[in-house]
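Because only heavy atoms are used, hydrogens play no part in the values below, and waters and symmetry mates are left out as well, while side chains stay in.
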Amino acid sequence: MIPVTSFAGKTVAVFGLGGSGLASCHALKAGGAEVIAGDDSADNVARAAQAGFMTADLRKVSWANVAALVLTPGAPLTHPAPHWSVLAAREAGVEVIGDIELFCRERRRHAPDAPFVAITGTNGKSTTTALIAHLMRFAGYDTQMGGNIGTAILSLEPPRMGRVHVIEMSSYQIDLCPSLDPSVGILLNVSEDHIDRHGTVEHYAAVKERLVAGVQPQGTAIVGVDDGWSRNSADRIEQSGKRVVRISVKNPLADGIYVEREAILRAAGGARSEIARIGGIGSLRGLHNAQNAACAAACALALGVSTEVLQNGLRSFPGLAHRMEQVGRRGNVLFVNDSKGTNADAAAHALSSFADIFWIAGGKPKLGGITGLAEFFPRIRKAYLIGEAAQEFAGTLGERVPHEISETLDVAVANAARDAEASGLADPVVLLSPACASFDQYRNFEIRGAAFRDLVTALPGVKPVV
């Protein structure tokens with residue numbers, strides 16, 4: 001845990017008592033603050049009270065002596081309207097911040113030069129965060145990973161020299177961190193997303209830009225420049241005097257890091273050199289993972305990792321659980337768990353990475369279904385449709401893709417494995433990439449992915465992928 005000493009002797013209100021909120025309560029108390037905890041969920045309030053915290057309806061408390069409101073990222077700060085707790089705090093002149101802001105203040109107080117890597121982007125941030133953490137551990141660093149990827153930041157070990165914090169950040173978390181100042185900031189990409197919480201794509205992009213614009217004076221901003229929003233951000237940050245490393249997987253760069261023919265290249269001053277190769281690394285298959293790997297490589301180099309260690313670290317990356325996760329092989333049939341592919345855009349990354357796919361899809365459907373995946377239909381040898389979306393997806397596939405309504409995952413896995421093995425194809429892939437939420441049959445995508453893994457490993461003759 002990271003004790004938050006910056007509010008010692010003061011009263012702090014915490015709204016939202018899920019994982020990160022409760023961690024904030026513990027960290028503030030450990031640092032000497034008095035905490036008033038609130039939530040719209042009676043169960044969450046009860047858990048906080050059981051943990052020993054003062055709880056209250058924050059609508060009814062006096063804000064006169066409250067120093068700050070620590071807000072859950074799940075509550076809106078600006079759009080579609082500020083949460084009622086935000087309005088109450090602002091009316092009293094109380095600052096509204098998040099748990100990562102508390103971390104940043106502690107780091108500045110106690111270890112301002114400790115390595116701090118912050119990662120954001122519309123797509124790919126979880127894989128990039130996990131890959132960077134893996135590379136830094138492989139290089140021998142004491143590595144703490146958390147934020148949006150799972151572990152609340154204040155539940156990690158405190159910042160100190162020789163210990164690197166690798167933190168995934170959503171736009172909601174950036175919004176609540178006004179003094180964000182990583183030593184390495186990474187902006188992977190920006191495409192339209194979360195407009196309900198930011199109002200416009202312009203505001204969403206501006207929030208994302210703040211993560212890389214705030215890097216420390218001697219720090220490094222790493223920016224993917226394959227979309228216009230991020231490209232413009234890189235130009236603005238460079239003009240402000242910060243060091244910028246541009247990343248591309250679509251075009252060679254005169255100055256920056258880019259991917260060409262499965263090699264990561266660095267260009268500077270008219271010369272270029274190869275820094276790593278990603279060909280043949282199953283966990284980094286696909287153009288999207290090439291961008292993730294290039295950004296992670298740039299980060300590792302910025303933190304002093306050698307190219308030799310970088311290459312070996314990339315080769316040993318197991319991949320993110322439930323995201324393009326190779327779970328087994330039977331003969332020449334590869335089984336891939338992409339349960340985290342909960343919408344069409346996410347599933348597109350997986351479908352674009354293989355040529356002969358026996359596709360398991362379905363679940364609780366999302367707006368638009370799979371109509372946007374038509375360009376990948378020629379790669380699908382057969383689809384196995386499960387859950388609430390099965391009939392809708394069957395209608396979309398029509399006569400273009402052979403398909404069956406399997407209804408449940410166990411039937412889909414058994415039939416897809418049988419058909420892939422009998423296909424005679426050189427490299428058939430049984431791919432779970434549902435393009436749907438899991439909630440109709442599973443509580444979350446992790447449980448769905450674990451079920452897929454168990455079903456695959458229970459098949460006769462399946463061997464783990466090494």
Side-chain angles (χ1 to χ4, degrees), residues 1-4 7 11-31 33-63 66-89 92 94 96-103 126 146-156 168-173 175-177 194 196-197 321-322 339-340 342 363-364 366 388 436-451:
M1 183 176 63
I2 302 173
V4 176
F7 286 98
T11 300
V12 177
V14 176
F15 180 84
L17 302 174
S20 66
L22 207 53
S24 296
C25 291
H26 283 290
L28 285 159
K29 184 177 180 179
E34 182 176 315
V35 175
I36 304 174
D39 197 303
D40 287 331
S41 163
D43 289 343
N44 284 352
V45 171
R47 274 194 292 271
Q50 191 174 17
F53 296 106
M54 180 194 309
T55 61
D57 183 344
L58 297 182
R59 293 179 181 86
K60 299 176 180 177
V61 303
S62 169
W63 289 82
V66 175
L69 169 64
V70 176
L71 183 70
T72 174
L77 184 67
T78 56
H79 294 83
H83 189 264
W84 60 260
S85 63
V86 174
L87 295 175
V94 173
V96 181
I97 56 178
D99 61 334
I100 297 180
E101 176 66 18
L102 296 177
F103 167 85
S126 293
N148 195 57
I149 199 170
T151 305
I153 191 168
L154 295 175
S155 296
L156 303 174
E168 177 187 334
M169 294 188 67
S170 70
S171 57
Y172 307 159
Q173 290 169 315
D175 237 356
L176 292 166
C177 193
H194 299 308
D196 58 327
R197 282 284 299 270
H322 313 298
S339 181
K340 202 173 188 294
T342 56
K364 188 174 180 62
K366 293 188 176 179
E388 291 178 11
C436 281
S438 60
F439 307 135
D440 61 337
Q441 294 180 333
Y442 298 93
R443 192 165 71 248
N444 54 48
F445 74 81
E446 289 99 336
I447 294 173
R448 178 175 60 193

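Although no hydrogens or angles enter the test, the distance criterion places a donor-acceptor pair under 3.5 Å between the side chain of Lys366 and the main chain of Thr342.
With a 4.5 Å cut-off on side-chain heavy atoms, Met169 and Asn148 do not count as touching. In this structure, the side chains of Leu102 and Phe7 come closer than 4.5 Å at one or more pairs of heavy atoms. In this structure, the side chains of His83 and Val96 stay at 4.5 Å or more apart for every pair of heavy atoms. Trp63 has its side chain within reach of Leu58: a pair of non-hydrogen atoms, C-beta onward, lies under 4.5 Å apart.
In terms of heavy atoms, Ala48 sits closest to Leu17 at CB-CD1, 3.6 Å. Closest of all the heavy-atom pairs between Ser85 and Leu71 is OG-CD1, 3.6 Å. The two residues Val94 and Ala68 come nearest to each other via the heavy atoms CG1-CA, 3.5 Å. What you find for Gln173 and Glu168 is that their closest heavy atoms are OE1-O, 3.6 Å. Taking both residues in full, the closest heavy atoms of Val35 and Lys29 are given as CG2-N, 4.2 Å, listed atom of the first, atom of the second, then distance. Between Ser126 and Ile149, the closest heavy-atom pair is O-CD1, 3.5 Å.
Interatomic distance, CG of Leu77 versus OG1 of Thr72, reported as 11.5 Å (0.5 Å rounding). Of the inter-residue distances, the one linking Ser24 atom OG with Phe15 atom CZ reads 13.5 Å to the nearest 0.5 angstrom. In this structure, the separation between CZ on Phe53 and CG on Leu22 is 6.0 Å, given to the nearest 0.5 Å. Atom CD1 of residue Ile153 and atom CD1 of residue Ile100 lie 5.0 Å apart, to the nearest 0.5 angstrom. Separation of atoms CD (Gln441) and CD (Glu388) is listed at 8.0 Å; rounding is to 0.5 Å.
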Could you go through residues 444-451 and list every donor-acceptor pair under 3.5 Å that involves a side-chain atom there, pairing it with any protein atom two or more places apart or in another chain?
from   : atom 1 : to     : atom 2 : distance (Å)
Asn444 : OD1    : Glu446 : N      : 3.1
Asn444 : OD1    : Ile447 : N      : 2.8
Arg448 : NE     : Ser339 : OG     : 2.9
Arg448 : NH1    : Cys436 : O      : 3.3
Arg448 : NH1    : Ala437 : O      : 3.3
Arg448 : NH2    : Ser339 : O      : 2.7
Arg448 : NH2    : Cys436 : O      : 3.4

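When the options Val14, Leu176, Val4 are evaluated for a side-chain contact (heavy atoms from CB on, under 4.5 Å) with Val70, the one that passes is Val14.
Atom CZ of Arg59 is surrounded by more than 12 heavy atoms from other residues, nucleotides or ligands within 6.0 Å.
The side chain to side chain donor-acceptor pair (under 3.5 Å) check on Asn44 picks up Asp39, Arg47, with sequence neighbours excluded.
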